[in-house]
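All heavy atoms count here, side chains included; hydrogens, waters and symmetry mates do not. Because the structure is a prediction, the values reported are computed rather than measured.
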Amino acid sequence: QVQLVESGGGLVQPGGSLRLSCVASGRTFSNYAMAWFRQAPGKEREFVAAITRSGDITYYATSVKGRFTISRDNAEKTVYLQMNSLKPEDTAVYYCAGSTRSPIESNSRSWNYWGQGTQVTLSS
């Protein structure tokens with residue numbers, strides 16, 4: 001079992017940047033592929049980005065490709081989401097997720113472990 005705790009959310013203006021962090025505790029962090037999902041009010045949870053156990057391969061939703069970067073530090077048991085050029089439609093609760101399954105899937109049901117979420121709000 002792994003426990004995940006996100007941080008770094010907040011209120012930001014369009015065009016701004018934020019970096020989200022997700023710290024894991026419990027079993028060996030490097031055993032887990034990691035991902036970020038988000039959920040806006042009234043919408044389903046959607047895939048944002050994922051990274052393999054070693055960090056050598058990353059995946060992105062089309063809506064964030066070129067603006068967001070996922071990375072991980074296995075020694076620090078932390079996964080990051082650097083978000084640049086933020087848009088109003090990026091407003092959502094952002095969730096960190098972990099999975100022991102392979103291959104990586106964008107379906108949220110494929111991810112075993114979840115954090116509590118951190119709110120990101122875009123407002124001018």
Side-chain angles (χ1 to χ4, degrees):
Q1 183 113 5
V2 63
Q3 292 78 42
L4 304 172
V5 178
E6 303 98 331
S7 62
L11 180 66
V12 62
Q13 292 185 338
S17 298
L18 279 176
R19 189 176 81 155
L20 306 183
S21 299
C22 172
V23 179
S25 61
R27 292 190 175 180
T28 306
F29 180 65
S30 58
N31 287 346
Y32 297 84
M34 299 299 296
W36 289 93
F37 287 77
R38 67 186 181 186
Q39 188 166 18
K43 295 188 177 181
E44 293 186 354
R45 192 168 297 189
E46 66 172 357
F47 172 80
V48 174
I51 189 166
T52 53
R53 291 166 179 78
S54 64
D56 59 340
I57 302 174
T58 56
Y59 306 86
Y60 296 95
T62 301
S63 60
V64 306
K65 194 173 294 184
R67 300 188 298 123
F68 291 10
T69 302
I70 188 171
S71 61
R72 67 189 294 162
D73 184 334
N74 285 346
E76 296 296 326
K77 297 185 178 182
T78 303
V79 61
Y80 303 98
L81 185 68
Q82 177 66 44
M83 305 187 295
N84 298 329
S85 303
L86 283 161
K87 304 176 181 179
E89 53 264 40
D90 294 320
T91 295
V93 177
Y94 283 71
Y95 296 91
C96 174
S99 175
T100 56
R101 299 178 182 179
S102 181
I104 287 177
E105 296 184 11
S106 60
N107 188 328
S108 62
R109 291 189 294 271
S110 298
W111 296 81
N112 312 84
Y113 304 101
W114 293 87
Q116 83 289 349
T118 186
Q119 177 71 48
V120 173
T121 302
L122 275 290
S123 176
S124 56

| request: Keeping to residues at least two apart or across chains, list the side-chain hydrogen bond (donor to acceptor under 3.5 Å, both in side chains) pairs with something in residues 16-26. | output: Gln3-Ser25, Ser17-Asn84

| task | Provide the full list of side-chain hydrogen bond (donor to acceptor under 3.5 Å, both in side chains) pairs with a residue in residues 43-52, sequence neighbours left out, each pair given once. | result | Arg38-Glu46, Gln39-Arg45, Thr52-Asp56

Please report the closest heavy-atom contact between [X] and [Y], naming both atoms and the distance.
| X | Y | answer |
| --- | --- | --- |
| Ala24 | Val2 | CB-CG2, 3.7 Å |
| Arg101 | Asn112 | NE-ND2, 3.8 Å |
| Ala40 | Ala92 | N-CB, 3.8 Å |

Just jot down the side chain to side chain contact (heavy atoms under 4.5 Å, CB included) partners of [X], sequence neighbours excluded, or say none.
| X | value |
| --- | --- |
| Asn31 | Thr28 |
| Lys65 | Tyr60 |
| Val120 | Leu18, Leu20, Met83, Tyr94, Leu122 |
| Arg67 | Val64, Ser85, Lys87, Asp90 |

| request: Find out whether Tyr59 and Ile70 are in side-chain contact, i.e. whether some heavy atom of one side chain is under 4.5 Å from a heavy atom of the other. | output: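 With C-beta onward as the side chain, the pair stays apart.
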
| task | Check whether any side-chain heavy atom of Val79 sits under 4.5 Å from a side-chain heavy atom of Trp36, and report yes or no. | result |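 Yes. Closest side-chain heavy atoms under 4.5 Å.
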
| said: For a side chain to side chain contact (heavy atoms under 4.5 Å, CB included) check, start with the C-alpha distance between Asp73 and Tyr80, then their side-chain angles and the critical distance, and finish with the verdict. | reply: CA-CA 8 Å; Asp73 184 334; Tyr80 303 98; 4.3 Å; yes

| task | Give, for atom CD of Glu6 and atom OH of Tyr95, the distance between the pair rounded to the nearest 0.5 Å. | result |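 Here the interatomic distance stands at 8.5 Å.
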
If only atom types and distance count, is the side chain of [X] paired as donor or acceptor with the main-chain N or O of [Y] below 3.5 Å?
| X | Y | value |
| --- | --- | --- |
| Thr58 | Thr69 | no |
| Trp111 | Met34 | no |
| Asn74 | Arg53 | yes |

| message | Going by side chain to side chain donor-acceptor pair (under 3.5 Å), name the residues that satisfy it together with Ser30, two or more places apart in sequence or in a different chain. | response |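 Testing Ser30 for side chain to side chain donor-acceptor pair (under 3.5 Å), a comparison that skips the adjacent residues, returns none.
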
| task | Among residues two or more places apart or on two chains, list those pairs meeting salt bridge (charged side-chain N to carboxylate O under 4.0 Å, His left out) that have a residue in residues 107-123. | result |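 Residue pairs with at least one partner in residues 107-123: there are none.
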
Where at least one partner belongs to [range], residue pairs that pass disulfide bond (SG atoms under 2.5 Å apart), sequence neighbours excluded:
| range | value |
| --- | --- |
| residues 41-94 | none |
| residues 27-67 | none |
| residues 14-113 | Cys22-Cys96 |

| remark: The ring pair (Phe, Tyr, Trp, His ring centres under 6.0 Å) partners of Phe47 (sequence neighbours excluded) come to Phe37

With clusters defined by side-chain heavy atoms of hydrophobic residues (ILVMFWY) lying less than 4.5 Å apart, directly or transitively, does [Y] cluster with [X]?
| X | Y | answer |
| --- | --- | --- |
| Val48 | Ile104 | no |
| Leu81 | Val12 | yes |
| Tyr113 | Phe29 | yes |

| What's the verdict on side chain to side chain contact (heavy atoms under 4.5 Å, CB included) for Gln119 and Leu11, showing C-alpha distance, side-chain angles and the deciding distance? | CA-CA 8 Å; Gln119 177 71 48; Leu11 180 66; over 6 Å; no

